[in-house]
Amino acid sequence: MTTSGEVKTKEEKQKETTQVIGESDDSLFHSAIHPPKPRPRSIFNTNNTIHPPKPRPRSIFNTNNTIHPPKPRPRSIFDRNVEPDAFPATTGEDKDSTHLPPSPLLEHRINNGYALVIHNRFFRQLNPRRGSEKDIDAIKFFCEQAGLTIDIQENLKVNDIRAHCRKLREDKNIFRNYDGFVCFILSHGTSSGICGVYDDTISVEEIVSYFKESVDLLGKPKLFFIQACRIGELEDDSNEIGHKQRLCPPDSSDILIAHSTIDGESSFRNIHKGSWFIQTLMKQFLTHAQSLHVMDIMTVVNEDIAGSELEGYRQMPNQLSTLTKFVYFKMAAVAEVVQAKTDEAEETSFQCVVG
């Protein structure tokens, strides 16, 4: 048996333990039993080595930005410091230039095109279209400079227009050697279409349909430029409007229909100079065809006509396009001739009429 001095009760042992704890260093005791976890430093601390902050991207509007450099803003072709006829070439120092030429795969140059001109000047009841002979002169000059074979048909009845269009469509060889088709239509018109000399009408869609169905013109641009009013109806029960077909993109591709005015509005003509639309169109073609494609030129035509007035009259051309390529004309350098014709036209007295 153990003596009372050798045996220690639970109370004594607990008391001794409490005394030891009281005499020891609290920090050493806790570090030995429960070592403290290191406190993470703030992510905003510049000396942080535990959670380094992610670099904050600079603003894209910062001029010194090297992470997201801003894209250069393209300049307008109407910028005073940019010549509309010659966009700056891309150099090694300007790799991000936005003035890149269209891909050659998307270009189509009309080097040997066919131009059909339907010109109605005299009518059975409607007023003669005085001044339209100036438009024909301008179209002839343009076709010569662009190397287009020109086919002029004048003062046709609607049945004559249909017959000639069918003849061209059914001829299996006529378009085979041409790389583009251009059609100029100059006549009185209504919201229903183009007037024949007997005051009947044929729709623009029908005229277009004859050529969009031509096998030899598939994949080639077919451009239609129409100088005619698009307002009102003729008071004539014998109108022959049949065979109207809607042109429904994208079923019909590579077609441009350019009207001299929007639907429901009049188109104006100068009895001495010619029509506002045709004269502006030929001028801009001769000026820009060496460097701009057709749709860009039509934008210039729109701006030129919409941005001016003729004795209080205003006009707005519009276009419907299903072109799949950038279409260019082969043109000679005729800027001096265009300026001479412009100066000559400015000296002519002005009288504006409808149609």
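Heads up: numbering here begins at 1 and tracks the sequence.
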Q | Lys220, NZ atom: more than 12 neighbouring heavy atoms under 6.0 Å | A |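 Above 12, so yes.
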
Heavy-atom side-chain proximity of [X] to [Y] below 4.5 angstrom:
{"X": "Thr201", "Y": "Ile194", "value": "no"}
{"X": "Leu148", "Y": "Ile110", "value": "yes"}
{"X": "Gln290", "Y": "Lys330", "value": "no"}
{"X": "Tyr328", "Y": "Glu107", "value": "yes"}
{"X": "Leu281", "Y": "Met298", "value": "yes"}
{"X": "Phe277", "Y": "His259", "value": "no"}

Keeping the roles fixed (side chain from [X], backbone from [Y]), state whether a donor-acceptor pair exists under 3.5 Å.
{"X": "Thr190", "Y": "Ile231", "value": "no"}
{"X": "Asn112", "Y": "Asp179", "value": "no"}
{"X": "Lys222", "Y": "Leu217", "value": "yes"}
{"X": "Ser209", "Y": "Glu206", "value": "yes"}
{"X": "Asp263", "Y": "Ser191", "value": "no"}
{"X": "Ser187", "Y": "Cys195", "value": "yes"}
{"X": "Gln315", "Y": "Ser260", "value": "yes"}
{"X": "Asp304", "Y": "Val301", "value": "no"}

Q. Going only through I, L, V, M, F, W and Y residues with side-chain contacts under 4.5 Å, is there a path from Ile262 to Val204?
A. no

Q) Quick one: side chain to side chain donor-acceptor pair (under 3.5 Å) partners of Ser308, sequence neighbours excluded? A) none

Q) Does the ring center of His188 lie less than 6.0 Å from the ring center of Phe123? A)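 Judged by ring-centre distance (under 6.0 Å), His188 and Phe123 do meet the cut-off.
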
Q | Candidates Ser266, Cys229, Ser267 - the one meeting side chain to side chain contact (heavy atoms under 4.5 Å, CB included) with Thr261 | A | Ser267

(Q) If you apply the rule side chain to side chain donor-acceptor pair (under 3.5 Å), what do you find for Glu309 with Tyr313, and how did you get there? (A) CA-CA 6 Å; Glu309 288 186 357; Tyr313 295 105; over 6 Å; no

Value rounded to 0.5 Å, distance of [atom1] in [X] from [atom2] in [Y]:
{"X": "Asn155", "Y": "Asp160", "atom1": "CG", "atom2": "CG", "answer": "10.5 Å"}
{"X": "Ile255", "Y": "Leu320", "atom1": "CD1", "atom2": "CG", "answer": "8.5 Å"}
{"X": "Thr280", "Y": "Asn302", "atom1": "OG1", "atom2": "CG", "answer": "10.5 Å"}
{"X": "Glu154", "Y": "Leu186", "atom1": "CD", "atom2": "CG", "answer": "9.5 Å"}
{"X": "Arg269", "Y": "Lys134", "atom1": "CZ", "atom2": "NZ", "answer": "13.5 Å"}

Which heavy atom of [X] sits nearest to which heavy atom of [Y], and what is that distance?
{"X": "Pro221", "Y": "Leu323", "result": "CB-CD2, 4.3 Å"}
{"X": "Gly274", "Y": "Asp135", "result": "CA-OD1, 3.3 Å"}
{"X": "Gln319", "Y": "Ala258", "result": "CG-CB, 3.9 Å"}
{"X": "Ile305", "Y": "Pro317", "result": "CD1-CG, 3.6 Å"}
{"X": "Gly219", "Y": "Asp254", "result": "CA-OD2, 3.6 Å"}
{"X": "Lys172", "Y": "Asp216", "result": "O-OD2, 2.8 Å"}

Q: Report the residues that fulfil salt bridge (charged side-chain N to carboxylate O under 4.0 Å, His left out) with Glu170, sequence neighbours left out, ordered by chain and then residue number.
A: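 Testing Glu170 for salt bridge (charged side-chain N to carboxylate O under 4.0 Å, His left out), a comparison that skips the adjacent residues, returns none.
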
(Q) Which residues pass the salt bridge (charged side-chain N to carboxylate O under 4.0 Å, His left out) test with Arg169, not counting sequence neighbours? (A) Glu213

(Q) Holding to ring pair (Phe, Tyr, Trp, His ring centres under 6.0 Å), I want the full list of residues that pass it with Phe175, two or more places apart in sequence or in another chain. (A) Tyr114, Phe181

Q: Using the salt bridge (Lys or Arg N to Asp or Glu O under 4.0 Å) rule, pick out the option among Lys273, Lys140, Arg121 that qualifies with Glu133.
A: Arg121

**Q.** Pair listing, salt bridge (charged side-chain N to carboxylate O under 4.0 Å, His left out) test, anchored in residues 315-329, at least two apart
**A.**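 Sorted result for residues 315-329: empty, none.
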
Q. Which class fits the ring pair Phe142 and Phe184: parallel under 30°, tilted 30 to 60°, perpendicular over 60°?
A.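 Plane angle over 60°, so perpendicular.
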
Q: Give the C-alpha distance, both sets of side-chain angles, the deciding distance and a yes or no for side chain to side chain donor-acceptor pair (under 3.5 Å) between Asp151 and His164.
A: CA-CA 11 Å; Asp151 173 13; His164 191 70; 2.9 Å; yes

Q. In terms of side-chain geometry, is the basic nitrogen of Glu265 or Arg230 positioned less than 4.0 Å from the acidic oxygen of its partner?
A.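 No, this pair does not count.
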
Q: For Asn173, enumerate each residue passing the side chain to side chain contact (heavy atoms under 4.5 Å, CB included) test, keeping only those at least two apart in sequence or located in another chain.
A: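 If we apply the side chain to side chain contact (heavy atoms under 4.5 Å, CB included) test to Asn173, skipping adjacent residues, the hits are Asp171, Arg176.
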
Q: Could you give me the CA-CA distance, side-chain angles and deciding distance for Phe225 and Phe285, then say whether ring-ring contact (aromatic ring centres under 6.0 Å, His included) is met?
A: CA-CA 12 Å; Phe225 302 98; Phe285 269 151; 5.7 Å; yes

